[in-house]
Amino acid sequence: MTQFSWTLQSFRQILKSCIANKDLLTGKSLHTIYLKSLIPSSTYLSNHFILLYSKCNLLTTAHHAFNQTHEPNVFSFNALIAAYAKESLIHVARHLFDQIPQPDLVSFNTLINAYADRGDTLSALSLFREMREMGLVMDGFTFSGVITACCNHVGLIRQLHSLAFSSGFDSYVSVKNSLLTYYSKNGILEEAEMVFNGMGEEVRDEVSWNSMIVAYGQHKRGLKALALYRDMVHRGFEIDMFTLASVLTTFSCVEDLSGGLQFHAKAIKTGFNKNRHVGSGLIDMYAKCGAGMSESRKVFEEICGSDLVVWNTMISGYAQNKELSVEALECFRQMQRAGYWPDDCSFVCVISACSNLSSPSQGKQFHALAMKSEIPSNQISVNNALVTMYSKCGNLQDARKLFHRMPEHNTVTLNSIIAGYAQHGIGTESLNLFEQMLAASIAPTSITLVSILSACAHTGRVEEGKKYFSMMKDVFGIEPEAEHYSCMIDLLGRAGKLSEAERLIDTMPFSPGSAAWAALLGACRKYGNMELAEKAANQFLQLEPTNAVPYVMLASMYSAARKWEEAARIRKLMRDRGIRKKPGCSWIELNKRVHVFVAEDNSHPRIKEIQMYLDEMFVKMKRAGYVPDVRWAFVKDDETGEQEKEIMLAHHSEKLAVAFGLLFTKHGEPLLVVKNLRICGDCHNAIKFMSAIARRKITVRDAYRFHCFEDGRCSCGDYW
DNA sequence: CTAGGGTTAG
C-alpha cells in the first residue's frame, strides 16, 4: 500500500510538470505505464491526462482518455469541455455539459466563456440565468465571461453592471476591466472613463490602464491615449507587449505615422517587434498611416513564426491600399501555400480586394472557397463583403439574391445593399430599404446617411435629400460630417441650385475640405457658371496644391466658353508648377485576365484591331446621329485642330476598353468596364450609341457610380 | 479581465 501511494505521488508530480511544459512524449509513456501497471485507477490521474492532451491539442486522444476513466467526475467533464471549447466544437461541449450530474462553477464558467468566444449571447445568458436560479455560487470569471458574451448589446451590459454592483461583484478588477472595454467598444467613451476613474489608484491594474489606452485610441483621442501611456511610465508600470500593442492601435486609428515610428523604435529596443501581437500592430499601423506596404512587409519578415492573424493583417493592408489589391490576392495564395487555413477574416479582406478590382471571376472563386471552408463563427461579415463584391462587379441581381438568402442581417449588411442600389442609381430601392431599416428600429450610422444622401444626389431627389439631412442630428443622433456636407453640395449643385450649394458651403460649421469644393466645381461645370467655378477651384487649390483636377476643370470650362487665352493661361500654370493630369485608365476582365487601357497608349497587343473596329463603329455611330463633343478633349497646346481633338476623343481609355470587349466576347454577352476617374461626357454619349449598334448591355463603373448602357440609353438617365 | 486582422460611403 505504501508503495502504491509513493508511486501515485511521483506520478502526479511528473505528470504536472509534463502539463506545464507540454511534454507530450514523457506524458504519453507515463500514460502507457499507468494503464499497464497495477496502480489502482485514479480519477485524479486520468483527469490530468485529459488536461495534458487537451493542452497539446490532441482532442481525440483526450476524449479517449476520458472514456478510459472509470469514474469520471465533474473535473473530468470540465477538462474535456474546455478541450472542445478551445477547438470551437461548441455542440460537443454542450452535450458533455448536459451529461454532468451536478455541474459546478467551473463547468458553467467554461461553457459561458465558450459561448462568449463564439459571440452566442443568448446561450451564454441562458446559462447565466440557470446559474442564478439554481443559486449557484458565482465569481468574477462568471461575470467577465457573460459581459464579454454581451459585447454588442449596451443595454445588457448596463444591466449586468448594475447587477454586479448590487451583488458586490464589481469589487473584482476583472469585472470592471471588462465593463470598461465593452462600454468603449459600444461607442460610449464616457462610461468607460467613468469606470476607469471610479476604480481609483489602488484598484487599477495594468489591464485597466491598457484597456483605457485602447479605448481612447478607438475614439480617436490620440493625445489622451499618449498621456495615459506617459502616466503609466511615470508610475513605474513595466511596459510590456500588451501596452505596446495597445498604444500601436491608437496610432493606426488616428493615422499618426510619426508616433508609430517612435514606438517601432521602442519595440525594436525591447525585441517586442518580433512578437506576433506587436508585429501585426506595426504592420497595421504602417498600412493605415499611408507608409505603403513596403514598411509593413519588412516588419512581417522579422516576426518570429507568423500566424493567421499576421497574414490577415498583411492581406487587409494590401486591400485597404486599393491600388495594391492584386497583391492582396497574391498574399492570400502565399498564405495558403504556407499551410494556413483562411478564416472568415481572411475571406472578408480578399473579397474586398476583388471588389476593388471589379473581378467577378476571382470574387466568385473566393465565394465558392468560403462556402467549402465552412467558416466557423458568424458568416455575416463574409456575406456582407460578398454583397459589396457582387454589387461592385456590376451584378446587382446576385448581390440582392445573396442579401435575401442571408440568415441574418446587421447594419453593415443594410449599408452595403443600400450603397449598392445608390451606386446603380436605383434611388427608390435605397430609400425603401432605409425606411424598412427605420421601421425595424435598426439605427442608421453615419455611413448609411452618406449612402442615402448620395442616392438622392444621383437621382435628383432634392427635397428628400434635404429632409434626411435635416433629420440627421435630431432624429438619428448623427452629427453631419464633411462627407455629408459634400453629398449635400453635390445634390444641390447637380440639381442646378448653385447659390443654395454656395450658401451651404459658406455656412458649414467647420472649414470645407477639398471634396466639398470639388462637388461645387463639378456643378459649376455642368451649368457653366464660370465665376463660382473660379472661386471653388481656388479654394480647392489651396487645400490640395498638387491635385490636377481644378486645373483640368477650369481649362476645359474656359475652352468650352471659347475663352482661349484663359484656357492657355491655366494650362501654362499647370505646366510651370509641374502638375500632371492623372491619366484616365479603364480595365475589363476577359477569360479571367484583366486588360488595362490608358488613353493614347498603344501598348495593348491587339490595339490595331481595336482601333480598326472603333473606326468602323464611328462611321455607324455618326450615321445614327452621334456628334463628337470636342469640349471633352484635354489638349496640351492651343494649336490642336478639331480633327485632332476628335481623334484624341476616340482614344479615351473607356472607349478602347468597350471596343475591346465588343470585339473579343461572344455576341450578347454583357460587358463590365471599370474606370479610375469619372466617365467623360463624350464617352458617355458614345457608349450609348455603341450599346444600341452592337446590341449589348454595357456597364461602366466609374469613380462615382455605375452607368448601365442598354439600347441607346443609360441607367443614370443622363443625370450625373 | 487587457494587446494584433474585417465588411459599409466619399
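Every chain is numbered from 1, with letters handed out A, B, ... down the list of sequences.
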*Which residue pairs pass the side chain to side chain donor-acceptor pair (under 3.5 Å) test when at least one of the two sits in residues 484-493 of chain A, sequence neighbours left out?*
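Of all non-adjacent pairs touching residues 484-493 of chain A, those that pass side chain to side chain donor-acceptor pair (under 3.5 Å) are A/D490-A/R494.
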Just list the side-chain donor-acceptor pairs under 3.5 Å for residues 167-174 of chain A, sequence neighbours left out, or say none.
| from | atom 1 | to | atom 2 | distance (Å) |
| --- | --- | --- | --- | --- |
| A/S167 | OG | A/L163 | O | 2.5 |
| A/S171 | OG | A/G168 | O | 3.0 |

For [X], check ring pair (Phe, Tyr, Trp, His ring centres under 6.0 Å) against everything at least two apart and list the hits.
X	answer
A/F300	A/W311
A/F251	A/F263
A/Y318	none
A/F242	none

*asked:* Heavy atoms only, 4.0 Å cut-off, all strands: where does A/T313 land among base, sugar-phosphate and nothing?
replied: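 Sugar-phosphate: the residue A/T313, judged by heavy atoms under 4.0 Å, touches backbone atoms but no base.
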*So, A/H277 and B/dA3: ring centres less than 5.5 Å apart, planes less than 30° off, yes or no?*
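Stacked: centres under 5.5 Å apart, planes under 30°.
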*Is it the case that A/Y216 and A/E193 place a side-chain donor and acceptor less than 3.5 Å from each other?*
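Yes - a donor-acceptor pair under 3.5 Å links their side chains.
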_Of the listed nucleotides (B/dA9, B/dT7, B/dG10), which one gets closest to any side-chain atom of A/H458?_
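Among B/dA9, B/dT7, B/dG10, the one nearest the side chain of A/H458 is B/dG10.
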*From the options B/dA9, B/dG4, B/dT2, select the nucleotide whose nearest atom is closest to the side chain of A/K392.*
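The closest nucleotide is B/dA9.
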*What's the OH-C1' distance between A/Y229 and B/dA3, to the nearest Å?*
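From A/Y229 OH to B/dA3 C1': 14 Å.
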*Length of the line joining A/Q423:CD and B/dA9:P, which is rounded to integer Å*: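 The answer, rounded to whole Å, is 5 Å.
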*Which ones in residues 268-275 of chain A lie close to DNA chain B, meaning a heavy atom under 4.0 Å from one of its atoms?*
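Heavy-atom cutoff 4.0 Å gives no residues at all.
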*Could you identify which residues of residues 280-293 of chain A place a heavy atom less than 4.0 Å from some atom of DNA chain B, listed by residue number, or say none?*
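Heavy-atom cutoff 4.0 Å gives A/S280, A/D284, A/K288.
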*Phosphate contact (B/dG10 OP1 or OP2) by A/S454 side-chain N/O below 4.0 Å*: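 For A/S454, the contact criterion (side-chain N or O under 4.0 Å from OP1 or OP2 of B/dG10) is met.
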*asked:* Parallel, tilted or perpendicular: which one describes the rings of A/F237 and A/W209, with boundaries at 30° and 60°?
replied: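 The rings of A/F237 and A/W209 sit tilted, inter-plane angle from 30° to 60°.
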*Considering only heavy atoms and no angle criterion, is a donor-acceptor pair shorter than 3.5 Å present between the side chain of A/D490 and the base of B/dG10?*
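For A/D490, whose side chain was compared with the base of B/dG10, there is no donor-acceptor pair (under 3.5 Å).
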*Please collect all salt bridge (Lys or Arg N to Asp or Glu O under 4.0 Å) contacts where either partner lies in residues 267-282 of chain A, sequence neighbours excluded, each pair once.*
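For residues 267-282 of chain A: A/R276-A/D307.
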